[in-house]
Amino acid sequence: MTDCTLVIAGSAGEGIQTIGNVLADALSAHGYAVFTWQEYESRVRGGQNTYTIRVREDPCNAPTWEADILLCLNKGAYEKSSGRLKDGGILLAEEPYGDGTLVVPFKAMAKEKLGRVIYANTIAVGALAGVLGMERDALEDVLGREFAAKGPEVLKANLEAARLGYDAADAACRDVCPWSFPKRAGSYYLVAGNEALPMGAVRAGCRFIAAYPMTPSTGVITFLAKRSEELGIFCEQAEDEIAAVNMALGASFAGARAMTTTSGGGFALMVEGISLSGMTEVPVVIVLAQRPGPATGLPTRTAQGDLLFAVHAGHGEFPKAVLAPADPKDAFHKMVRAFNLADRFQIPVIVMSDQFLADSRFSIEDFEIDRSGPESFLADPADFEIYKRYAVTEDGVSPRLVPGESRHLVAADSDEHDEWGHITEDLAETVPAMVEKRLRKAEHLRRAMEPPEAYRVDDAREIFCSWGSSRGAVREAVDLLREEGAPVGMLHWTELWPLAAVTFPEGARLWTVENNATAQLASLLRMGLGVTIDRWILRSDGLPLTARFIRRAYHERA
Amino acid sequence: MTDCTLVIAGSAGEGIQTIGNVLADALSAHGYAVFTWQEYESRVRGGQNTYTIRVREDPCNAPTWEADILLCLNKGAYEKSSGRLKDGGILLAEEPYGDGTLVVPFKAMAKEKLGRVIYANTIAVGALAGVLGMERDALEDVLGREFAAKGPEVLKANLEAARLGYDAADAACRDVCPWSFPKRAGSYYLVAGNEALPMGAVRAGCRFIAAYPMTPSTGVITFLAKRSEELGIFCEQAEDEIAAVNMALGASFAGARAMTTTSGGGFALMVEGISLSGMTEVPVVIVLAQRPGPATGLPTRTAQGDLLFAVHAGHGEFPKAVLAPADPKDAFHKMVRAFNLADRFQIPVIVMSDQFLADSRFSIEDFEIDRSGPESFLADPADFEIYKRYAVTEDGVSPRLVPGESRHLVAADSDEHDEWGHITEDLAETVPAMVEKRLRKAEHLRRAMEPPEAYRVDDAREIFCSWGSSRGAVREAVDLLREEGAPVGMLHWTELWPLAAVTFPEGARLWTVENNATAQLASLLRMGLGVTIDRWILRSDGLPLTARFIRRAYHERA
Amino acid sequence: MNVPDPFKNDVEIQWCPGCPNFGILTALKGAFRDLRLEPHQVCLVSGIGQAAKLPHYLRCNFFNGLHGRALPVALGIHAANPALTTVVTTGEGDCYGEGGNHLLHALRRNPDITVVVHNNEIYALTKGQGSPTTPVGEVRSLQVHGVEAAPLNMPAVAVLHDAAFVARGFAGDPDHLKDLLAEAVRCPGLSLVEVIQPCITWVRRPVSWYKERLWPVPPGYDPGDKDAALRVLAGDDGRFVTGILYRGPKRPLFGERFRRETGDEPLVRRGFPPKSSISALLDNFRMGE
Amino acid sequence: MNVPDPFKNDVEIQWCPGCPNFGILTALKGAFRDLRLEPHQVCLVSGIGQAAKLPHYLRCNFFNGLHGRALPVALGIHAANPALTTVVTTGEGDCYGEGGNHLLHALRRNPDITVVVHNNEIYALTKGQGSPTTPVGEVRSLQVHGVEAAPLNMPAVAVLHDAAFVARGFAGDPDHLKDLLAEAVRCPGLSLVEVIQPCITWVRRPVSWYKERLWPVPPGYDPGDKDAALRVLAGDDGRFVTGILYRGPKRPLFGERFRRETGDEPLVRRGFPPKSSISALLDNFRMGE
Ligand SMILES: Cc1ncc(C[n+]2csc(CCOP(=O)(O)OP(=O)(O)O)c2C)c(N)n1
Ligand SMILES: Cc1ncc(C[n+]2csc(CCOP(=O)(O)OP(=O)(O)O)c2C)c(N)n1
Ligand code: SF4
Ligand code: SF4
Ligand SMILES: [Mg+2]
Ligand SMILES: [Mg+2]
């Protein structure tokens with residue numbers, strides 16, 4: 001089975017993202033299951049970044065580190081990334097950096113043959129396609145799509161550039177390169193987390209988003225802002241995160257499904273607003289895209305370091321839900337679920353993403369968009385003679401109307417209040433009634449939560465507990481270890497709070513596998529389910545978990 | 001043994017606080033161990049509030065609900081509070097509200113005999129002193145102190161007013177009232193949490209406080225602001241809580257022991273700053289005075305609803321300490337400890353108070369100020385040839401210098417950084433080294449934490465686990481239940497995070513006793529120590545736990 | 001004949017008896033009646049403070065949110081349902097202190113809402129600390145030697161940024177205030193109405209003190225003249241200029257373009273998008289055919 | 001003869017090659033040298049953004065804090081050690097966006113610090129969203145049909161509140177900027193220096209575009225004239241007035257009274273209070289004898 005990893009290494013501004021995206025698109029158009037992930041520095045030009053592409057026939061949406069093919073756009077890139085090249089792998093570069101470099105002088109060729117250095121990137125794309133033994137025409141289709149808008153001149157030059165690169169590489173490596181990627185029948189969506197999350201929001205009927213830019217969350221609002229008028233979604237760049245969450249609450253109060261997005265520091269600023277959502281029972285969805293902290297930390301890197309913070313975010317006591325999608329398909333559906341849960345229980349729902357999920361492109365066979373859909377939980381004004389926004393009910397959920405849509409008056413109050421929403425100081429009756437009403441919702445919410453996904457646990461004696469975006473890596477690790485005879489399985493949580501009841505297989509040893517330094521899922525499971533985790537596999541250097549990382553750590557600690 | 005509870009009930013602005021304070025002072029001056037607590041609405045005039053005074057010979061700093069003597073300043077007060085009067089208790093009022101009211105027409109007397117209604121309050125104080133059978137002269141001493149500054153006229157009139165009230169009550173109740181409070185030799189400090197906390201800060205060498213007003217925390221900065229120049233403590237009212245915590249961090253970076261104070265909503269806004277403290281390793285002390293949430297909640301009531309939020313406050317992973325003093329004496333020492341821990345480990349330290357602790361006045365025999373004292377953890381600039389602010393060390397603590405005090409340059413950086421404090425993207429070495437360095441401090445910190453206070457646990461089969469300001473009530477409940485033969489004991493935490501190791505008595509059943517609705521200590525203990533709590537006694541109506549409340553709940557659930 | 005006031009409710013008012021906030025409440029009810037609004041067409045938004053309790057005392061929709069955060073909530077409500085008459089009632093601590101950033105940025109956006117700032121030069125609900133408008137030198141509970149920082153002049157900042165409508169009224173003159181408020185609501189774009197609201201509990205100046213300092217704009221004053229407005233506001237030291245101080249030039253409204261392109265109806269009525277539009281979106285991400 | 005620059009360090013600079021931020025860095029180093037300051041006497045404070053990375057590239061003490069929060073940190077540092085020359089280097093997103101409230105209130109307090117705002121009319125580090133000063137109509141990544149909200153005019157707000165020193169410079173003219181910065185540091189009280197700093201990556205206007213729009217205050221311009229300053233700032237549409245725009249009247253400084261009463265030495269040198277003073281404090285709470 002084909003499983004080939006390409007790494008494109010270079011500085012910000014040198015075009016590795018363009019190269020990577022076009023090549024990934026082309027491979028996808030060829031019918032392959034492509035997975036890409038990126039690691040980059042927090043700067044606009046310079047530094048050393050990489051774009052990794054994994055190509056297979058069937059999807060394995062998990063990151064790999066070791067490269068079969070490494071394209072270095074400069075000497076520094078080589079110095080940083082050459083260690084990733086597998087024995088026998090192909091190094092492609094402008095100049096000969098090491099022994100056996102496959103030299104394709106992209107820039108020189110661009111200048112010489114096409115008159116402008118700008119075409120060097122497309123030459124590189126062509127060269128990689130040549131190394132991979134792709135068919136030219138799929139590449140040309142993709143280039144057509146990519147450059148059509150820029151006019152026939154530009155398109156023509158790019159097609160020519162690709163051809164130049166292709167031929168140069170093809171000629172140079174026909175003997176050395178084992179790969180061949182002929183067109184095949186596969187057809188996958190190639191989608192990043194930051195594309196699937198907003199598409200899920202659209203599907204959920206989101207009508208309002210306010211956010212303040214913060215890596216790696218910004219892509220979500222950028223996606224929607226681009227299509228705001230087409231989709232009828234009001235998009236606002238807020239002056240700060242406090243404004244963002246409060247705007248979303250205002251819009252939600254007025255009946256719009258509303259959300260915001262941010263990362264750790266911005267989320268910290270929203271915490272008072274989360275508590276406000278809890279008290280006013282105004283639903284809101286918050287996408288928390290994690291990056292390593294504390295404070296500013298590593299703004300462009302990945303982590304799962306905010307789990308316990310998210311679960312406990314907000315002063316006072318109120319129900320909230322925390323979800324953490326495993327991949328873009330899951331993210332799409334989790335967004336629908338987030339809006340539905342938020343509306344059904346009138347609570348804040350936090351959807352935890354991270355830089356890895358946000359920026360990586362996954363191959364999805366089918367989004368199965370019917371698997372979930374938006375549900376309306378608004379009450380009908382005609383059903384009420386007298387309407388009380390905070391009516392005490394059996395399940396704690398009060399019928400919700402929106403202001404202005406009928407003659408009924410609708411309140412939201414951040415103070416402790418009576419059924420009408422007016423400030424109360426009645427400690428004897430009203431206060432306990434309201435405290436209990438809100439907490440009754442927590443119990444119903446808990447029953448609505450999904451248990452973890454089980455993978456090869458039935459006969460497992462070692463179980464990896466994991467959550468969120470690492471599912472692909474953990475699952476692949478399980479497969480690798482199983483091949484070696486290790487009796488491992490996986491329990492993977494994507495619904496983290498409140499925790500659904502789980503029965504752990506008896507006698508199995510529990511491991512936690514997390515992209516953080518303090519084993520937060522382990523703490524959460526101990527707190528929420530009373531279960532004790534024996535071992536941990538943790539990574540907190542800003543890079544995503546990979547199957548091989550997990551396998552190595554397993555062997556070290558088993 | 002004398003144990004008498006007086007309740008003064010009336011509207012905001014009617015003077016119950018003056019009456020209560022003067023009477024409590026007088027009783028304290030008489031040599032009694034006084035305990036007072038207040039419950040009041042969030043408004044400046046009107047509503048119905050109460051001020052409760054408990055008088056004993058030996059201190060029992062725990063709130064009582066049932067009144068031996070109830071003074072009602074208006075009809076509404078009677079309606080709200082008459083249920084608190086014990087059988088055979090004395091109701092004192094301007095007019096006869098119920099059977100057997102002891103009528104002393106304060107206002108009428110004030111107008112008639114002293115020409116101004118304003119003296120009614122002092123007449124009431126006098127009347128209560130009469131009912132209690134106090135000696136006049138201690139009362140007069142206190143009045144002298146209270147009114148001396150207002151001039152001899154005012155003082156004279158108040159002394160006369162007290163006498164009038166005293167005589168009227170004395171005459172009316174000589175036969176009915178069983179009490180007699182002659183002067184005795186006791187001598188106690190009568191101190192509220194919001195007085196002890198700032199005095200502890202002074203003792204700790206705090207030199208800077210910035211805060212934004214928020215009930216019930218405001219008293220702390222008010223205390224210091226009043227004495228700012230005398231004590232040499234820079235006090236600043238910030239424009240918001242975000243500014244407050246960041247100002248404190250700036251001052252601390254520049255070498256001043258610095259703190260801020262707030263309540264839940266304001267604390268939520270400080271959370272990003274807490275994470276900044278964690279990353280920059282700039283020490284800071286934050287007093288979090290709890291009130292019931294979520295959101296604005298019940299701004300003038302009490303709760304212990306922010307424990308898990310405080311423990312997990314801040315994005316990313318970094319060590320922090322959470323303390324929760326049991327009473328003003330403990331608060332005094334905990335503030336010293338907070339500053340010492342913050343400086344020693346270069347971390348944020350959160351000191352959790354609540355409205356009950358903040359506003360209640362406790363009788364303290366001796367503050368034992370020598371039991372703790374400020375320790376300096378600053379390094380000596382002369383010790384360094386080359387100085388690196390974030391030098392990687394064995395215990396994770398880097399030597400700390402302050403800027404401007406030597407030629408060494410000092411940095412603080414919220415990004416992940418190298419030893420110099422400069423931004424790093426070196427994921428291979430620097431990042432892991434720094435992550436591990438910070439987390440090593442957590443382990444040393446954990447070892448420095450104190451285990452819970454044990455009370456009558458040795459032979460206990462039922463153990464109450466409690467924390468913070470409820471210690472007095474829980475301890476009294478243990479005593480009450482022991483008298484009834486119940487084998488109860490108490491484990492009381494005032495150092496909540498990280499949790500020191502604890503060995504729980506074997507075979508004993510664990511209860512949690514908390515002023516919240518979701519048993520947060522129970523969750524914390526399960527998470528931190530893996531121990532499971534079987535039963536809970538919870539109160540979340542905005543009022544403090546009392547011994548009788550706990551006893552009743554114990555019997556219901558035992 | 002007495003027509004019952006549709007905006008009157010019977011919630012117990014928690015203000016001190018005699019507080020000038022009552023005058024503002026009266027004026028606001030009057031303005032809504034004059035504008036022939038009905039309670040369900042109005043949404044009051046507030047933060048926390050004495051001023052911010054007002055929405056509880058007027059029969060209509062309301063969102064009483066967090067201290068300082070009324071404006072973003074109001075913007076969200078207005079974006080979702082521009083047909084609602086959205087009015088923010090706030091204190092100067094709420095709006096210029098904790099929430100100062102939101103006012104600055106609301107001025108940039110020009111939403112069609114009215115912001116009524118009860119300016120009592122004090123944090124009243126928290127018992128008398130200095131606020132962003134307390135005069136220099138005044139002794140307050142946290143400024144025991146007198147306030148040192150200079151007051152903010154947010155009406156002038158509003159003029160500077162071409163707010164649609166800037167006015168100042170006096171809580172002791174509800175009739176005049178009512179007209180100002182009605183005019184503010186009528187005016188498209190952001191209307192800022194600062195109301196001098198003497199706190200009788202913590203400030204305790206006699207009403208006469210205020211009356212002497214009220215300084216109505218002179219007859220013939222042209223609210224369209226920005227320089228003049230800045231001059232009266234920046235040069236009012238110690239006095240309170242009152243009246244309609246400024247009417248800014250026509251500027252785009254917050255959300256105007258969105259509504260022009262997508263329609264006016266409240267977002268809640270737009271329903272869930274058809275599945276086909278989702279499939280179309282997703283199809284952009286499939287390279288093959 | 002080449003004297004080594006004491007403010008030079010050898011940290012790798014993360015800005016784009018050719019970014020005008022280099023000009024500001026050069027100017028700031030020059031200003032410090034002209035002021036005969038030594039690195040340990042200077043403390044730079046910043047938030048997050050391209051501009052806010054500057055403290056890493058200049059040898060001195062620094063506190064690189066949170067996005068938007070440089071000013072409160074600087075105030076705390078200044079309160080604790082007024083002998084340090086405290087300079088905030090910030091972007092307009094940092095200072096007028098996320099941190100807008102702190103600037104408003106810093107203007108009230110008048111601390112003796114200098115605030116240098118790198119105004120590139122964009123959120124550069126996060127890749128090109130509109131910022132609080134982006135011109136209306138400009139297309140940005142989140143404003144795909146052009147920015148709708150009007151820009152903030154914070155230098156004018158500073159003038160309105162009698163800031164001690166308000167100036168504007170151009171990153172492309174480091175010599176002139178150096179003098180402005182030196183003067184800003186010299187001037188007691190809050191100095192706000194806005195620097196036009198064209199981002200060559202996300203804005204990509206030719207330098208000539210800026211040069212044409214630079215509009216130095218005319219000779220004879222009186223920076224003491226508040227009305228004039230407001231006029232040039234409020235009426236500069238499209239142009240960038242540069243130079244020393246305003247020198248405010250003498251006002252009390254932040255912490256001045258505290259220092260007058262308790263002394264000037266940094267708080268860190270004041271040590272721990274004697275036990276006797278604690279006993280004296282506690283004794284106020286003992287009623288008996
Ligand atoms: C985040 C937060 N910080 C502080 C408070 C406490 N608080 C409530 S009202 C108030 C001041 C209100 O002042 P202002 O807006 O002027 O209203 P006023 O009471 O004077 O009418 C403060 C500081 C709070 N509720 N929330
Ligand atoms: C709380 C928080 N919100 C958002 C961000 C993301 N962020 C980093 S820099 C920046 C914008 C910086 O703009 P500006 O201050 O103008 O600096 P520039 O990069 O343009 O120099 C933003 C939004 C953050 N780091 N923290
Ligand atoms: S404290 Fe002042 S502002 Fe508040 S209700 Fe009383 S008088 Fe009015
Ligand atoms: S993105 Fe713009 S502001 Fe940032 S370093 Fe590059 S040119 Fe300078
Ligand atoms: Mg006020
Ligand atoms: Mg900028």
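Note: hydrogens, waters and symmetry copies are ignored here, and every other heavy atom, side chains too, is used. Here is how names work: the chains are called A, B, and so on, in the same order as the sequence lines, proteins then strands, and each is numbered from 1.
- Annotation: side chain of E405(A) is in contact with side chain of R269(C) (closest heavy-atom distance under 4.5 Å).
- Proximity to chain A (any heavy atom under 4.5 Å) is shown, for L282(C), by both the backbone and the side chain.
- Heavy-atom distances place no part of A83(C) under 4.5 Å from chain A, backbone and side chain included.
- Applying a 4.5 Å heavy-atom cutoff, the residues of residues 11-30 of chain C that approach chain A are V11(C), Q14(C).
- For R108(C), no part lies under 4.5 angstrom from a heavy atom of chain A.
- Residue D370(A) touches chain C through its side chain alone, counting heavy-atom pairs closer than 4.5 Å.
- For R227(A), the part lying near chain C is the side chain, with the backbone staying farther off; criterion is any non-hydrogen pair under 4.5 Å.
- The shortest side-chain heavy-atom distance between F285(C) and L190(A) does not fall under the 4.5 Å cut-off.
- Between chain A and the options E261(C), K53(C), R270(C), K275(C), the largest number of non-hydrogen pairs under 4.5 Å is found for K275(C).
- Of the atoms belonging to P273(C), heavy atoms from both backbone and side chain fall under 4.5 Å from chain A.
- Counting heavy atoms from C-beta outward, H408(A) and H40(C) have side chains that stay 4.5 Å or more apart.
- The main-chain N or O of A80(C) is never found under 3.5 Å from a side-chain atom of R207(A) such that the two would form a donor-acceptor pair.
- For residues 55-77 of chain C, a heavy-atom distance under 4.5 Å to chain A picks out H56(C), R59(C), C60(C), N61(C), F62(C), F63(C), N64(C), G65(C), L66(C), R69(C), P72(C), V73(C), L75(C), G76(C), I77(C), given by residue number.
- Residue F339(A): no heavy atom, backbone or side chain, is found under 4.5 Å from chain C.
- Note on R259(C), R109(C), Q41(C): by heavy-atom pairs under 4.5 Å with chain A, the leading option is R109(C).
- Closest non-hydrogen pair, R257(C) versus E229(A), comes out as NE-OE2, 2.7 Å.
- One finds the CZ atom of F272(C) at 10.0 Å from the CZ atom of R203(A) (value rounded to the nearest 0.5 Å).
- For the atom pair CG of N284(C) and OH of Y189(A), the computed distance is 10.5 Å after rounding to the nearest 0.5 Å.
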